[in-house]
Amino acid sequence: MSFSDREKQLIRAAFAWGQVSHKEGYTLSDGEIEKSVLLRRLLAGRPPLAFPPPLRHGFPWYEVIEGRGQHVVNVSEASTENSMIAPGSRPGDKYILIDGSFWRVAETISEREEYIVEWGSYPMQWRLRKHWEVNYEMTQQLQHFRKDNPNAGLRLDKRAGEGEYSEFRIDDDQTVWLSEWQLTRIGLSGWVWVGTPLEPTGQRPLAPVKEDEHGPLILSEPERATGEAWLRIERAGQAYRFVRLGEEICYEQLLAESDSSMLLHGVQGEDLLIMDWSEGEPLHRFAVPAQLAPLEEFDLDRLGYELVPENAFKANP
């Protein structure tokens with residue numbers, strides 16, 4: 001008896017899901033199977049992330065890790081009470097409730113207006129900011145009401161003790177402003193977390209051998225004619241992401257290539273080595289399955305590398 005490729009994929013997905021479920025303490029009940037976003041993700045051919053993702057309304061929120069987008073969320077008031085509820089927090093840390101899950105507050109930019117938040121074991125940060133926009137329909141309604149009812153007493157103060165900060169404001173020109181909370185990732189995108197984080201042992205020293213106006217473009221082993229070479233594929237501020245071109249690359253030939261984007265065509269292997277780099281030092285290394293690394297999406301001549309992979313999984317709770 002032989003199995004089809006689809007049957008083999010189903011067996012691997014079920015096995016992986018069973019391992020994660022056992023580790024997290026879930027049962028293999030029909031209910032758990034029906035509602036599991038992770039199982040649907042595995043069946044679609046995408047592996048689990050290196051660490052559990054945040055939850056959003058009780059469901060795993062993969063997009064906030066893997067993607068780039070800005071998310072409109074519901075937020076509670078930040079607090080230090082019971083701070084151990086937030087994954088990765090320590091006693092006394094401030095936390096904030098975002099769409100039903102507790103996130104750790106790394107920095108308060110402006111109380112009740114803007115925070116830098118973190119989640120669990122991910123070395124990533126997000127900006128949580130209250131955004132204000134004019135609501136023209138409500139502004140028009142208010143102006144008509146005041147015109148038709150000049151003597152009406154109208155109080156629009158915020159209710160005392162209200163925990164949700166979906167507020168509105170009325171300025172001196174009688175313009176109505178509505179607010180919403182926006183959650184936006186800071187720094188490099190998180191698609192690499194579908195791979196395996198690598199230990200720093202045995203890594204060769206690297207230094208920029210070629211730079212452009214945006215920072216280091218190619219890394220090589222200092223004082224050698226051949227060796228490892230890494231090409232920048234993403235950047236965010238002063239943080240950079242590189243893919244390894246090979247272990248024994250001739251640097252003279254490498255630097256002779258005028259079109260750096262052509263170097264990506266030579267990247268081969270089932271697993272690609274990806275490295276994040278900042279302030280002249282490597283931060284993290286990952287082995288990422290080649291089919292999950294969206295190298296074809298990167299345009300090395302663009303200013304911004306904040307890209308969402310076309311194959312990024314978007315959960316449908």
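- With sequence neighbours left out, the ring pair (Phe, Tyr, Trp, His ring centres under 6.0 Å) criterion links H284 to no other residue.
- A 4.5 Å side-chain heavy-atom check between Q203 and M275 finds every atom pair outside the cut-off.
- The minimum heavy-atom distance between G215 and R232, with the atom names listed, is O-NH1, 3.3 Å.
- In this pair, W193 and F51 present their aromatic rings tilted. The plane angle is within the 30 to 60° band.
- Residues P123 and L283 are not in side-chain contact: their nearest non-hydrogen atoms beyond the backbone lie 4.5 Å or more apart.
- Taking the six-membered ring for Trp, W126 and W103 have ring centres closer than 6.0 Å.
- Under the 3.5 Å distance criterion, the side-chain polar atoms of S179 are left unmatched by any main-chain donor or acceptor of K130.
- Remark: P205 engages no residue in a side-chain contact (heavy atoms from CB on, under 4.5 Å) (not counting sequence neighbours).
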List the atom pairs, donor and acceptor, that lie under 3.5 Å between side-chain atoms in residues 246-256 and the rest of the protein, sequence neighbours left out.
unit_1: Y251; atom_1: OH; unit_2: E221; atom_2: N; d: 3.0
unit_1: Y251; atom_1: OH; unit_2: E228; atom_2: N; d: 3.3
unit_1: Y251; atom_1: OH; unit_2: E228; atom_2: O; d: 2.5

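- D271 CG to Q291 CD: the interatomic distance, rounded to the nearest 0.5 Å, is 8.0 Å.
- A donor-acceptor pair under 3.5 Å links the side-chain atoms of R241 to the main chain of S189, judged by distance alone.
- Listed for the Y122 side chain is no donor-acceptor partner under 3.5 Å among the backbone atoms of P54.
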